[in-house]
Every structure is written in C-alpha cells, then in structure tokens.
Amino acid sequence: MRAAIYEQFQQPLNVEIVPDPSPTDDGVVIAVKACGICRSDWHGWMGNDPDIGLPHVPGHELAGLVEAVGANVKSFRRGDRVTVPFVCGCGSCPQCVSGNQQICDQQFQPGFTAWGAFAEYVAINHAETNLVRLPDDIDFVTASSLGCRFVTSFRAVKEQARVAEDEWVAVWGCGGVGLSAIMIAKALGANVVAIDIADDKLEFAKNIGADAVVNSKLVADSVGAVKDLTGGGAHVSIEALGHPELVFDSISSLRKRGRHVQVGIMEAGMHNTAIPMNLVIGRELEIIGSHGMQAHRYPEMFEMIKDGRLAPEKLIGKAVSLEEGSIELTNMNSFSGVGVTVITEF
C-alpha cells in the first residue's frame with residue numbers, strides 16, 4: 001500500500017510503498033477513504049508523544065470500508081462503512097468495563113501507538129469495542145472530520161462542561177476543536193464568544209454561530225473583553241489550543257462557579273502550566289479535562305447531525321492528496337487556513 005511515513009521527528013514525510021497490514025483475531029483492516037489532518041498528528045510528528053516509534057505513519061481521523069476481518073469479529077464484515085474514535089479501548093480493563101473507553105488503561109491509538117491512516121489501509125484492534133457503523137447519509141469526508149476534533153468537542157461541551165441553554169460559553173482558539181465546540185454549544189442553546197488572533201478564523205466562527213468574537217491581538221485585556229461580553233464572565237470556558245497563557249485566561253474569564261474544560265493538548269515543555277488558584281478557590285471554579293469520546297456514545301451525535309442541529313460538513317476546509325497532506329502536516333504550526341483539511345486521495 002501507499003503510505004506517508006516519517007523516519008525522524010520533525011523531518012519531511014515521504015510517500016512510500018509498504019506492506020499491507022493484516023487484522024489481529026479481534027481486529028479489522030479498513031480501506032481508508034478519508035483521513036483528517038489534526039494538530040495532534042503535528043504534536044506526534046514533533047516528537048511530543050512517547051508512544052510513537054520510528055518509522056511512523058500518522059493519521060487518526062479516519063473513515064472507510066472494512067477490508068479484512070479477524071477470526072473473532074462477529075459484528076462487522078467486509079464492505080461495512082465505519083469510523084473509529086481516536087482513542088480505542090481494549091474492552092476489558094476497569095475503565096472500559098465502566099464505559100470509559102476514552103481513558104482505557106491499554107488504549108490503542110491509530111497514528112500514535114500504531115501506524116495510522118495516512119495510508120491506503122489501517123489496522124484497528126478490538127473491533128467490537130471500537131468500530132462505529134456510519135449512517136448512510138454521512139459521507140466519508142464528514143465522518144473523518146468527526147474522528148478527533150468534533151467528537152472530542154461534543155463530549156467536552158455536552159458531557160464534561162454540562163452546557164445548558166442560555167449559558168455563556170467562551171471558546172479560546174478557533175481551530176478544528178474550537179470551531180466544533182462553537183457549533184455544538186450553539187446547538188445546545190448556549191451563547192458563544194470566540195477568541196482567536198486571526199480575523200479569518202473569527203469570521204468563520206461567526207458564520208457557524210458565534211454570538212461575539214474577540215481578537216486577542218487587538219484588545220489590551222482579552223479576559224476583560226470576555227467578561228464584558230458575557231455580563232460578568234462565562235459559565236463555561238473551553239481552552240481548545242493548548243497554550244499556558246490561554247489556560248490562565250480561560251480560567252480567569254469564568255464567573256463564579258464556572259467550569260473550565262481543557263481540550264487543547266499542551267506542547268512539549270508546557271505541561272506544567274500556571275493556574276490562578278486564588279480564583280479557583282474564591283469563585284468555586286471547576287477545572288475539567290476531556291479526552292475523546294467512546295464509540296458507544298456516537299449515536300446521540302449522529303441523531304443531532306441527522307435532524308440538522310449539527311452540521312459538521314460546514315467545518316471542512318479543503319480536500320487534499322496524500323502527498324499534499326504530508327506537507328500540510330509539517331506546516332500545521334503556522335495556523336494558516338480555516339476549517340478542517342482532509343486527505344481524500346491515497
């Protein structure tokens with residue numbers, strides 16, 4: 001098969017011919033029809049993930065057709081249209097047994113713990129636990145865009161933040177995760193203020209429902225601006241980029257008893273970030289982490305897509321080839337472009 005591979009961290013990817021994968025007894029091989037390019041892939045390429053061994057094929061936002069099925073897989077067959085969460089569970093550890101496969105003790109992550117979907121085929125373990133059957137009306141490109149950013153935002157906004165109608169939600173960073181969070185919060189009846197440094201991203205945020213925007217490069221006090229727009233502070237604030245200053249500002253922008261949800265992955269060397277603990281105590285704030293979404297929670301999101309409350313296809317920026325996607329990945333820290341980029345030609 002054709003696959004995009006890097007031999008060293010922070011070095012260019014090359015498209016090469018490599019052996020096709022085979023399924024484990026409880027796994028499948030998927031013929032990849034679309035794969036999103038995510039900032040998490042960039043973190044891996046930078047060398048920030050200790051689970052990645054070299055050489056490596058990135059890519060975890062995938063959708064496609066089941067190509068081969070392991071001997072013990074009973075619920076799926078060749079030709080089924082499927083996607084997977086970016087965190088796949090083992091199905092048997094205490095976390096999986098409790099229904100929290102997104103924090104599985106032996107989690108399998110295509111594109112991180114194993115070769116990913118910047119390739120014609122990708123192997124997925126524990127298929128019965130992790131495969132998600134796609135509704136007929138969701139195309140592969142849209143499905144791939146759900147794989148990390150959208151489903152992560154869905155659980156972060158709905159389950160972790162417990163966003164309620166008429167609450168104010170501040171979203172810090174308008175990349176794929178942030179834009180998804182804006183759309184989902186609006187679908188739940190909330191008011192949203194989006195914060196970024198790029199006018200094109202803020203304009204896009206308004207187009208998908210943001211009630212107000214703040215360009216933090218153009219204001220002296222982003223936290224003050226958010227407080228003014230929300231009448232005293234956000235009920236929920238979501239940090240969607242992974243930068244220490246934004247984490248601090250996100251928490252600082254909350255009203256009393258507000259909830260900060262950390263979704264953005266911190267860059268290497270920035271994991272131990274400052275927190276305004278005086279505000280956490282004095283305002284009784286909550287700080288909540290959010291890491292993906294379980295396969296068994298997809299149906300509720302699919303229903304919201306089906307009835308029109310969510311339109312993830314609006315977040316698609318452009319489709320590219322495997323060669324073009326390899327270049328897009330290495331340039332991701334420039335934060336250029338709007339929306340989600342998806343590889344569709346392998």
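In this text the structure is predicted, and so the values were computed from the model without any measurement.
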Mind checking the [atom1]-[atom2] spacing from [X] to [Y]? Nearest 0.5 Å is all I need.
X      : Y      : atom1 : atom2 : result
Glu328 : Asn331 : CD    : CG    : 7.0 Å
Ile208 : Met183 : CD1   : CE    : 5.0 Å
His56  : Phe118 : NE2   : CZ    : 9.5 Å
Leu315 : Leu146 : CG    : CG    : 9.5 Å
Leu131 : Phe76  : CG    : CZ    : 4.5 Å

Would you call [X] and [Y] a side-chain contact if the rule is heavy atoms closer than 4.5 Å?
X      : Y      : answer
Phe108 : Ile124 : yes
Glu7   : Pro55  : yes
Val247 : Met266 : yes
Trp42  : Leu329 : yes
Val132 : Val82  : no
Asp80  : Arg133 : yes
Tyr6   : Gln11  : no
Phe9   : Leu54  : yes

Are [X] and [Y] ion-paired here, with the side-chain N under 4.0 Å from a carboxylate O?
X      : Y      : answer
Glu167 : Arg259 : yes
Glu324 : Lys318 : no
Arg297 : Glu159 : yes
Lys33  : Asp139 : no
Arg78  : Glu67  : yes
Glu61  : Arg149 : yes
Lys306 : Asp137 : no

Check: [X] side chain, [Y] main-chain N or O, donor-acceptor pair, under 3.5 Å:
X      : Y      : result
Ser326 : Ala4   : no
Gln10  : Met46  : yes
Asp41  : Cys38  : yes
Gln262 : Gly289 : no
Asn130 : Asn125 : yes
His296 : Gly99  : yes
Asp196 : Cys174 : yes
His126 : Cys88  : no
Arg255 : Arg283 : no
Ser253 : Val226 : no

Smallest separation among heavy atoms of [X] and [Y], with atom names:
X      : Y      : result
Cys35  : Gly59  : SG-CA, 3.9 Å
Ile251 : Pro276 : CG2-CG, 3.6 Å
Ala63  : Leu134 : CB-CD1, 4.3 Å
Ala190 : Asp211 : O-OD2, 4.2 Å
Leu310 : Ala187 : CD2-CB, 3.6 Å
Met293 : Val151 : CB-O, 3.7 Å

Donor-acceptor pair between [X] and [Y] side chains, under 3.5 angstrom:
X      : Y      : value
Asp166 : Asn191 : no
Ser75  : Glu128 : yes
Ser237 : His260 : no
Gln107 : Gln109 : yes
Gln294 : Gln101 : no

Kindly say whether the aromatic ring centers of His60 and Phe112 come within a distance under 6.0 Å. yes
Would you confirm whether the ring centroid of Phe86 sits within less than 6.0 angstrom of the ring centroid of His291? yes
Starting from the C-alpha separation in whole Å, work towards a yes-or-no answer on side-chain contact (heavy atoms from CB on, under 4.5 Å) for Val169 and Val157. CA-CA 9 Å; Val169 177; Val157 172; 5.9 Å; no
Quick check on Glu245: does its CD atom have over 12 non-hydrogen neighbours (other residues, nucleotides or ligands) under 6.0 Å away? no
Could you check whether atom CG of Asp307 has more than 12 heavy atoms from other residues, nucleotides or ligands sitting under 6.0 Å from it?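 Yes, enclosed.
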Option passing salt bridge (charged side-chain N to carboxylate O under 4.0 Å, His left out) with Glu286 (candidates Lys256, Arg257, Arg162): Arg162
In the single-linkage hydrophobic clustering (I, L, V, M, F, W, Y; side-chain heavy atoms under 4.5 Å), do Met332 and Trp45 co-cluster?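 The answer is yes; both residues are in one hydrophobic cluster.
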I'd like to know whether Val320 forms a side-chain contact (heavy atoms from CB on, under 4.5 Å) with Val342, so could you lay out the CA-CA distance, the side-chain angles of the two residues, the decisive distance to 0.1 Å, and finally the verdict. CA-CA 6 Å; Val320 298; Val342 179; over 6 Å; no
For the pair Ile184 and Phe150, evaluate side-chain contact (heavy atoms from CB on, under 4.5 Å) and give the outcome as yes or no after the intermediate values. CA-CA 9 Å; Ile184 294 159; Phe150 202 88; 3.9 Å; yes
Between Asp199 and Asn215, does a side-chain hydrogen bond (donor to acceptor under 3.5 Å, both in side chains) hold up when you go through it step by step? CA-CA 7 Å; Asp199 283 334; Asn215 186 322; 2.9 Å; yes
Using side-chain contact (heavy atoms from CB on, under 4.5 Å), reason through Leu322 and Glu345 one step at a time and then give a plain yes or no. CA-CA 6 Å; Leu322 187 58; Glu345 296 176 27; over 6 Å; no
Apply the test salt bridge (Lys or Arg N to Asp or Glu O under 4.0 Å) to residues Glu300 and Lys158: give CA-CA distance (whole Å), side-chain angles for both, the deciding distance (0.1 Å), then the verdict. CA-CA 11 Å; Glu300 182 180 12; Lys158 190 175 187 301; 2.9 Å; yes
